[in-house]
Number of protein chains: 2
Amino acid sequence: MTRKRNANRNAGAPTLADVARLAGMSEITVSRVVRNQGPIADATRTRVLAAISQLGYIPNRAAGSLASAASTLITVLLPSLSNIVFPDVLRGIHTAITETGFQSVIGVTDYDPLIEERILLSFLAWQPAAVILAGLHHTPTARKHLEQGRFRVAELMDIDGDPVDIAVGMSHRQAGYETGRHLIERGYRRFGYAGHMLISDDRAKARYQGLCEALREAGLSLVGEMRVPGGGSTIAGRELLEKLLAAHTDLDVVIFPNDDMAMGGIFYCIHAGIVIKERLGIFGFNGLDIGQAMPLPLSTILSKRFLIGKTAAEKLLESRERPPEKTIINTGFDIIEGATA
Amino acid sequence: MTRKRNANRNAGAPTLADVARLAGMSEITVSRVVRNQGPIADATRTRVLAAISQLGYIPNRAAGSLASAASTLITVLLPSLSNIVFPDVLRGIHTAITETGFQSVIGVTDYDPLIEERILLSFLAWQPAAVILAGLHHTPTARKHLEQGRFRVAELMDIDGDPVDIAVGMSHRQAGYETGRHLIERGYRRFGYAGHMLISDDRAKARYQGLCEALREAGLSLVGEMRVPGGGSTIAGRELLEKLLAAHTDLDVVIFPNDDMAMGGIFYCIHAGIVIKERLGIFGFNGLDIGQAMPLPLSTILSKRFLIGKTAAEKLLESRERPPEKTIINTGFDIIEGATA
DNA sequence: GCGTTTTATGGTAGCGCTGTCATTATTCTT
DNA sequence: AAGAATAATGACAGCGCTACCATAAAACGC
């Protein structure tokens, strides 16, 4: 039977036992060398390492995970990959884990908490060492599993709420608020908003609310507001601004939920001969490089995506066990003055 | 001993045996229901499913992988996450696998074949169902493992070469060549190249060579050429074009290795008052949305990144076994006429 | 109606590794 | 120098699942 079984296996792929035999050591010693764990005599380590490289041994992680009830996998659930923000976060995560032996398994939730829940459950089957997801808002089932699991949890981007374990991000409500204050101070009074319809993009919603609050405090309110269906791209921003200005000719500044859309707005102004900043201010969010490379650098808010990902992953790996108190790390944001508002 | 061991485990997480007991079935039957495999009576399936949801059973993939010597993981090795191209590819991959139960493990190689090799070996420890990587150029060790492994392999982006199993992409050499032909036909004669120094970016190199070949055939050659250190961004493109034009005042067209840099070039022209197209043509590569949203849409080549990722993943999952003949899928490219060259 | 195939289910032995508990050198105290 | 601590190694069971083979029951063929 054993023979039959092996037929379907990686033809003769060497196992711990093979290495042990060749090195003249017990399996457990080889295992310790591989995992760099426990006290090992230098001579032993050398011998084992030699046997490993001679055989081309690759440890079987499935067996290891099963035996130890823990894996080296980190589950990463991102709302989207189209929005450059999340690849940046992912890049930060990878920068932090690259030398640690941890590996990331990626899921894309499409901003949908139900999809997030489904993917989360299927990923928990790997007994991950940590779970990283976006935002603090999850389904009750997802939240329950996150709370009860034997793994670390980092919730990224947002810090306005109660995290399961670690939250790393910024206050989007505050960012929206300060956007409003900043523009009011610069003399803008007739505000427009050109958004998108990702109702599950809690961050964009929080910024919007913060903005409205700043306006309200100053006795102002949004004069005009429009949204495109879907996620919002540069082209969408361009077309949307045209429509918004057609409906509200007297706007003096328009805020976009992200830089991509804001750049579309700028392109529309150039096309339509509208003098940016004097006649119409444009304000974005994210602080993308490309916006800053433009002849008129985009006025926007720099969100520290890479830093968020990197910080979260580092923090996560500090300890295997979840500490008693929750951690909230505010990476903050910078207002980029720019030349468009 | 068993008790001690369980102490460290997921406290009482239900196992197949628990489900089997509750459903009054054998473990193997439950396993079959979970995997949707083999003939199961409807009544049995219903009962098992009820028990699963009652217990909140989550299968242990590590155990499954160990027993079957196969996993549902797909290893994805990308050169970079900064370059928007690769998140697009990843998005395509995820679109294809999202409903299949397969999951992606991501590694970032930084365009370095040695890093690629190291990550590949560490990922093979999971006995992945498939490996997806960029390009056809790998270390001998990596190539050997790819060839001998019991998993499918897809090499993306490039098709100029001999793949291990499946290649999906386009001919970058041809893209470069056609860029040259296209611009020569439009009357350009004094060519400049503003590149970067990613020597391991084989695709950019192939396009460069194709371009040179087209010029050579027409009795031309590059008048001026410069490269920035590192990967090349919009800002780098902007600064590089300034330098290149300072050194070669008589260029009538400049080709960039990607749209990001080309847009930087456009921004420099706007800034310096250079009339784009008439006085200086600008040509990119990738066909990013943002380039097409600009007042003067960028002249460039559309690479079908999303399609490449999606096609590769679909093809990969068609069959578990590697077929005897290799597959090469040419997704082609489109020349976008644009307004900048 | 009796063999033959198909459908549905189960028993059992591992998969390759690591946790737990020993055990035996070796070094350190005072 | 005797006891105590530490360093280095090993035996062995078992993690939770699935491949393999077996078996029983139902459907089929002529």
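Below, chain A is the first sequence line, B the second, and so on; all start at residue 1. Quick caveat: nothing in here was measured; it's all calculated off a predicted structure.
The nearest whole Å value for the distance from the CE atom in A:Met25 to the C1' atom in C:dT24 is 14 Å. Between the CG atom of B:Leu16 and the C1' atom of D:dG16 there is a distance of 7 Å, given to the nearest Å. Regarding A:Trp126, its CH2 atom lies at a distance of 12 Å from the C1' atom of D:dC17, rounded to whole Å.
Considering only side-chain atoms of B:Ala67, the nucleotide from C:dG10, C:dG16, C:dG14 that sits closest is C:dG14. You'll find that the side chain of B:Leu66 is closest to D:dG16, out of D:dG16, D:dA11, D:dT18.
Side-chain atoms of B:Arg203 never come within 3.5 Å of backbone atoms of B:Asp158 as a donor-acceptor pair (strictly under, hydrogens ignored). Formation of a donor-acceptor pair under 3.5 Å by the B:Thr44 side chain with backbone atoms of B:Ile40 is not found in this model. Listed for the B:Ser71 side chain is a donor-acceptor partner under 3.5 Å among the backbone atoms of B:Trp126.
Using a 3.5 Å distance cut-off with no hydrogens or angles, the side chains of A:Arg91 and A:Thr95 do not pair a donor with an acceptor.
The pair A:Lys144-A:Glu147 fails the salt-bridge criterion, with no side-chain N (NZ, NE, NH1 or NH2) lying under 4.0 Å from an Asp/Glu carboxylate O.
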Step by step, would you call A:Arg47 with A:Asp42 a salt bridge (charged side-chain N to carboxylate O under 4.0 Å, His left out)? CA-CA 9 Å; A:Arg47 248 172 58 216; A:Asp42 283 348; over 6 Å; no
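Interface residues of residues 27-46 of chain A facing DNA chain D, ordered by number: A:Ile28, A:Thr29, A:Arg32, A:Pro39, A:Ile40, A:Ala41, A:Thr44; criterion, heavy-atom separation under 4.0 Å.
Side-chain N/O atoms of A:Ser68 include none lying less than 4.0 angstrom from OP1 or OP2 on C:dT18.
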